[in-house]
Amino acid sequence: MTTGPEPGRISNRDWQRDCRLIADGIRARALAHTIVHGGYLSQACSSAEIFALLYGYQMNLGASEGPLLPRRYEGWKDRKEERVSGMIYNGVRAPDADRFFISPTHYALVVYAALIESGRLAPNALDQFNTDGSTVEMIGGERSPGHEVNGGSFGQAISQAAGVAWARRRAGDTGKVWIFLGDGEIQEGQTWEAVLSMAFLGLENIKVLVDVNGQQVDGRISGIMGLEPLAQKFEAFGCAVETVDGHDLEALHDACETHHPGKPLVVLAYTEPYRGIPLLKERFPYLHYIRFKSEAERDRYRDALADMEHPG
């Protein structure tokens, strides 16, 4: 399995190629994990390019300060000053460095795969996934690599990110605050309260990326509680909004660079929850968590993984 370039080694000339390698690696690692354990596979399919761009090129992050193999959490035996924080995998909290918040924390497998592919986490760190005492949790928390806070219920992480963005502006920090959302959580009222506050406060230092994959736990969003027209709703709340193909790295990058004085930026990245693994489309629209129904089905996904790892 190909691992992406180490942090700080991506050239401007080759950034799209390198980010493509990271995205491909995210999907392959998520599929390999799902074949053995089951898992949140469609989330990796839809968001791979988003995370590849953020970790591979877009965000201004320092080198990871976390161990390549995360230390285990000893609970209350840990002294307070020794407690683990997942944010250290995103580098030092310097005034000019960016901060990154994950709202849908069931995307944790995607986050870990992105950290591996960008050289911030060891490949065998996934061996700890969802094991007793591990910080490599199935639903990411504040001690999980790459996570800064406990997301809690949907809508809480964007509220926390908005608070940090406001505080950073007050402190004179130049670094940006990034927040990753899933489209399903836009059904939550607290999400809109946070967006309203961000716009009212003119938090132009915050950038929101939404994985608009049209899926939630019970199936298609359009059949459960439709969200469209999303762009117009965010605009009505006072945000600058860009709508893009979430698998187009250049379009994503350009959207993230949009000039948006006095407003928070929202990038609506429309994606496919089976992108890169066409076999998943057979399960559409019930893709939230993948469990195999037979060994024969599992073998078909093993064949798909082999094709991803050895194309042609």
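Residues: numbered from 1 along the sequence shown. If you're wondering where the values come from, they're calculated on a predicted model, not measured in any experiment.
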Test side chain to side chain donor-acceptor pair (under 3.5 Å) applied to His247 and Glu272, step by step: CA-CA 8 Å; His247 302 297; Glu272 296 175 350; 5.0 Å; no
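- Distance check: Ile277 CD1 to Glu282 CD gives 12.5 Å after rounding to the nearest 0.5 Å.
- For Thr271, the side chain to side chain donor-acceptor pair (under 3.5 Å) partners at least two apart in sequence or on another chain are Asp211.
- Without hydrogens or angle criteria, Asn205 side chain to Ala165 main chain gives a donor-acceptor distance under 3.5 Å.
- The residues Asp14 and Arg17 are annotated as salt-bridged, a charged nitrogen and a carboxylate oxygen being separated by less than 4.0 angstrom.
- No donor-acceptor pair closer than 3.5 Å links the side chain of Asn90 to the backbone N or O of Gly62.
- The main-chain N or O of Gln128 is found under 3.5 Å from a side-chain atom of Thr131 such that the two form a donor-acceptor pair.
- Taking 4.5 Å as the limit, some side-chain heavy atom of Phe234 sits within range of a side-chain heavy atom of Trp192.
- Taken from NZ in Lys281 to CZ in Phe284, the straight-line distance is 8.0 Å, to the nearest 0.5 Å.
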Worked verdict on Phe101 versus Trp178 for ring-ring contact (aromatic ring centres under 6.0 Å, His included): CA-CA 6 Å; Phe101 291 81; Trp178 299 80; over 10 Å; no
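- In terms of the side chain to side chain contact (heavy atoms under 4.5 Å, CB included) criterion, Pro278 has no residue partners (sequence neighbours excluded).
- For the pair Arg220 (side chain) and Pro285 (backbone), a donor-acceptor distance under 3.5 Å is absent.
- Taking Glu297 as the reference, Arg283 meet the side chain to side chain donor-acceptor pair (under 3.5 Å) condition, with sequence neighbours excluded.
- Remark: Ala199 pairs with Pro264 by the side chain to side chain contact (heavy atoms under 4.5 Å, CB included) rule, at least two apart or across chains.
- In this structure, CG on Leu126 lies 8.5 Å from NE2 on His37, to the nearest 0.5 angstrom.
- Screening residues 252-262 for salt bridge (charged side-chain N to carboxylate O under 4.0 Å, His left out), with sequence neighbours left out, gives no hits.
- Not a single side chain to side chain contact (heavy atoms under 4.5 Å, CB included) links Asp132 to another residue, sequence neighbours left out.
- In terms of the side chain to side chain donor-acceptor pair (under 3.5 Å) criterion, Gln160 has no residue partners (sequence neighbours excluded).
- With sequence neighbours left out, the side chain to side chain donor-acceptor pair (under 3.5 Å) criterion links Gln190 to Ser159.
- No side-chain heavy atom of Glu142 sits less than 4.5 Å from a side-chain heavy atom of Ser85.
- Between Phe51 and Tyr55, the two ring planes are parallel [angle under 30°; tilted spans 30° to 60°].
- Within the 3.5 Å criterion, the main-chain N or O of Gln43 finds a donor-acceptor partner in the side chain of Ser47.
- Within the structure, salt bridge (charged side-chain N to carboxylate O under 4.0 Å, His left out) contacts touching residues 149-176 (residues at least two apart or in different chains) are Arg168-Asp173.
- Under the salt bridge (charged side-chain N to carboxylate O under 4.0 Å, His left out) criterion, the residue pairs touching residues 38-49 are Arg20-Glu49, Arg27-Glu49, with sequence neighbours excluded.
- Distance alone, capped at 3.5 Å, is enough to place a donor-acceptor pair between the Asp248 side chain and the Ala251 backbone.
- Aromatic ring centres of Tyr107 and Phe180: separated by under 6.0 Å.
- At distances below 3.5 Å, at least one donor-acceptor pair connects side-chain atoms of Asp183 with backbone N or O atoms of Asn213.
- One finds the CD1 atom of Ile139 at 5.5 Å from the OG1 atom of Thr105 (value rounded to the nearest 0.5 Å).
- Relative ring orientation between Phe129 and Tyr112 is described as perpendicular, the plane-to-plane angle rising above 60° on a 0-90° scale split at 30° and 60°.
- Checked by atom type and distance alone, the side chain of Lys263 never pairs as donor or acceptor with a backbone atom of Met198 at under 3.5 Å.
- For Trp15 and Tyr57, the ring centers sit closer than 6.0 Å to each other.
- Here Glu185 pairs with Ser103, Pro104, Phe154, Leu181 under the side chain to side chain contact (heavy atoms under 4.5 Å, CB included) rule; sequence neighbours left out.
- Between the Glu65 side chain and the Val92 main chain, no donor and acceptor come within less than 3.5 Å of each other.
- The distance from the OG atom of Ser118 to the CD1 atom of Ile26 is 8.0 Å, given to the nearest 0.5 Å.
- Side chain of Glu117 to main chain of Ile22: no donor-acceptor pair is present (N/O by atom type, distance under 3.5 Å, no hydrogens or angles).
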Identify every side-chain donor-acceptor pair in residues 286-293 under 3.5 Å, counting partners at least two apart or on other chains, and give the distances.
none

